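To start, the structure itself, in structure tokens.
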Amino acid sequence: MSVIPCSVNLFQDRQHLTKALLGSQQSKEIGGQHFVSISQSVTAIDPLQVLALFATPEQHYFYLENPMKGQSIAAFGCVISNQIYQQTNKKNNSLDRFQESQEFIQFCQENTTYIGDIGDINDPLSKPLKKKHGMIFLCGFSFFAETESANFPFDAANIFLPRWQVHRQFDKYFLVANLALTALSNIDKIVDCLIQDFYKIISCSAPKYYYSPSQSLDKSLTNTANIHSSFNSFYRKNNQFQTAKQNIQNHQFQLAVHNALTSIAQEKFQKIVLAQTREIIATQPFSVINTLSNLRHKYPDCYTFALSNGTGYTFLGASPERLLSINHRSLITDALAGSAPRYQDLDQDQQSAIELLANKKERNEHQTVVDFLDRTLTDLGLQTQKRATPKILKLSNIQHLWTPITAQLHHLNQSIHPLEILRNLHPTPAVAGTPREIVSTEIQRYEQFNRGLYAAPIGWIDSWGNSEFIVGIRSCLIHGCHAQLYAGAGIVAGSDPAKELAEIELKFQPLLTALT
């Protein structure tokens, strides 16, 4: 890899941009593929509006935003994916999916020229300058590695390098273009496309960061009011069928909880997380953009996310749970388990939180997650720090027991790749149970559907080892007029099947509301 510092606004200077790309092209071996990543600060733009303007169902795209933290990323287009890399390089080794993904990312990074003031890529301790960001790799891993259905729309590992990235960090905005060059690449044509896209992107100004849920960012996709009307009309016509189907699913779930409690009493395992799905069919295609706009507006304390597979399927949601964040060698992970409802009455809401903190069952379930995360990081050679007692994380419609766990990646640990840490953390007891190996088998026996990306890691990695991965909960899979919603609950000794079902129904609400 190499770095070319550049203070010139390349996207607005055709001569310098052409010269930089020609230099990168000519410095590489003829016939070989090389990547170029160009970073530049820009004026205020809304990443979601950029996604609405450029993203199509036939291409890869990614979105991750936490409004309360002032962070958002939108990315679209695919320069190269791990599937393309494996096919091109005829990769058929014995590495697991996280190791294979790490190999793919490292291959790309080693064959990249970085243009812009982005710091020293070769120095893990170097911080990128405030005005620049380098390339990122967008990642989504399925919950299970080996048992995913062959016709499921997402692979066990989904990694791609986007053509364009838009970043917001509070009042700072960054734009990154990534491309692949060979000796035969037409530089003039590439420059024309880059400049044309650049001016379209910066036209997506953000005078108001939050949009009204009824305001469509992409009228060509669908109209929110029409979807709402057709959605209600469909359910009026099919209410009897939908109610009967849901009743069957509810009965099956409560029966599964009863059976799981029997196994827990027999000490086969201590906890298992069982999930349910809800299927929604509308008469017009669901709007991914409108749904994301609704979610970020209604749930600013969560991570609004979306990952497309490039063939019309999008997995999206609003997750409260961060699995892994690494920022300049500071690591943080969240233990999030144990929940209670929110109330409009302040006194009643506070009482609910007090009761949650005092609930032995919920505290034991939470401590199991804390112990697992702490032990996993310690086994990797990291020294962790955490609170002795959990906090209460209050979300819009539910509150959780929450314990953040931190660690520093010191010099001796600099070889630990984020995906190596992720490989050990997933799945946590919060989304699987304990012992992990036993309950992973039991989940597939109890659940009558494919989890896919539900409750699995979704996030990004950059060239310095910085990364952020959330857990894909409070989520759904959208394809045209079809949406499949997912939600789960942790089953431990003392669980009540009816209460666990009620908790799942509560967790369905964010997506049900956002979709309509």
Side-chain angles (χ1 to χ4, degrees), residues 1-40 54 56 58-62 75-93 100-122 128 132-139 158-166 174-201 310 461-464:
M1 69 179 72
S2 60
V3 178
I4 302 176
C6 183
S7 58
V8 176
N9 186 330
L10 286 179
F11 297 121
Q12 294 175 302
D13 190 320
R14 175 181 292 273
Q15 181 178 356
H16 278 87
L17 180 57
T18 302
K19 182 179 179 180
L21 294 183
L22 282 172
S24 179
Q25 181 187 46
Q26 295 168 1
S27 65
K28 303 304 168 187
E29 181 180 351
I30 295 177
Q33 189 178 51
H34 183 70
F35 305 100
V36 176
S37 182
I38 307 169
S39 303
Q40 180 179 311
F54 282 91
T56 66
E58 294 76 29
Q59 68 177 189
H60 291 272
Y61 59 82
F62 175 93
F76 59 90
C78 179
V79 175
I80 187 172
S81 68
N82 60 324
Q83 289 87 359
I84 295 174
Y85 168 72
Q86 291 165 2
Q87 294 168 5
T88 303
N89 293 274
K90 295 182 174 58
K91 292 292 180 179
N92 186 23
N93 53 38
E100 286 182 350
S101 300
Q102 180 178 335
E103 181 184 82
F104 162 66
I105 291 173
Q106 289 175 338
F107 163 80
C108 294
Q109 291 173 337
E110 291 168 358
N111 291 278
T112 297
T113 296
Y114 299 85
I115 301 176
D117 299 328
I118 59 175
D120 186 355
I121 299 292
N122 297 298
K132 303 294 179 183
H133 275 222
M135 64 160 57
I136 59 173
F137 293 86
L138 294 320
C139 311
N158 306 269
I159 321 291
F160 74 98
L161 174 64
R163 175 62 178 242
W164 286 99
Q165 308 160 204
V166 181
F174 313 94
L175 184 61
V176 179
N178 305 303
L179 55 148
L181 294 181
T182 68
L184 301 178
S185 296
N186 187 327
I187 299 300
D188 287 335
K189 185 176 180 180
I190 291 174
V191 169
D192 287 341
C193 291
L194 287 173
I195 293 176
Q196 183 179 5
D197 287 348
F198 169 78
Y199 281 106
K200 287 182 181 180
I201 290 173
I461 297 173
D462 74 6
S463 298
W464 293 269

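Note that the structure is a prediction, hence the values are computed from the model and not measured. For the numbers below, each heavy atom of this structure counts, side chains included, while hydrogens, waters and symmetry mates do not.
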Contact check, side chains of [X] and [Y], non-hydrogen atoms, under 4.5 Å:
X	Y	value
F76	Q165	no
N9	H16	no
L17	L21	yes
L194	D192	no

Please tell me whether [X] and [Y] have a donor and an acceptor in their side chains that are separated by less than 3.5 angstrom.
X	Y	value
N178	S37	yes
Y114	S463	yes
H60	S81	no

Stepwise, does the side chain to side chain contact (heavy atoms under 4.5 Å, CB included) test hold for W164 with D197?
CA-CA 9 Å; W164 286 99; D197 287 348; 3.3 Å; yes
Rounded distance [0.5 Å steps], [atom1] in [X] versus [atom2] in [Y]:
X	Y	atom1	atom2	result
Q59	C78	CD	SG	9.5 Å
M135	I38	CE	CD1	10.5 Å
I159	I80	CD1	CD1	12.0 Å
D188	C193	CG	SG	11.0 Å
Q102	I105	CD	CD1	8.0 Å
Q40	I115	CD	CD1	11.5 Å

Determine the minimum heavy-atom distance between [X] and [Y], stating which atoms define it.
X	Y	result
S185	I190	CB-CD1, 4.0 Å
T113	H34	OG1-NE2, 2.6 Å
I136	D462	CG2-CB, 3.8 Å
V79	P162	CG2-O, 3.6 Å

Please determine whether side chain to side chain contact (heavy atoms under 4.5 Å, CB included) holds for the pair F62 and F160, giving the CA-CA distance in whole Å, both sets of side-chain angles, and the decisive distance to 0.1 Å.
CA-CA 10 Å; F62 175 93; F160 74 98; 4.1 Å; yes
I187 backbone acceptor or donor facing Q25 side chain under 3.5 Å:
no
Please confirm whether F107 and Y85 have ring centers closer than 6.0 angstrom.
yes
What do you reckon, are the aromatic ring centroids of F198 and F11 less than 6.0 Å apart?
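Yes, they do, as the ring centres are separated by less than 6.0 Å.
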Determine, stepwise, if the pair L175 / S39 fulfils side chain to side chain contact (heavy atoms under 4.5 Å, CB included).
CA-CA 6 Å; L175 184 61; S39 303; over 6 Å; no
Begin with the C-alpha distance, continue with both residues' side-chain angles, and end with the deciding distance and a verdict on side chain to side chain contact (heavy atoms under 4.5 Å, CB included) for F104 and F137.
CA-CA 10 Å; F104 162 66; F137 293 86; 4.3 Å; yes
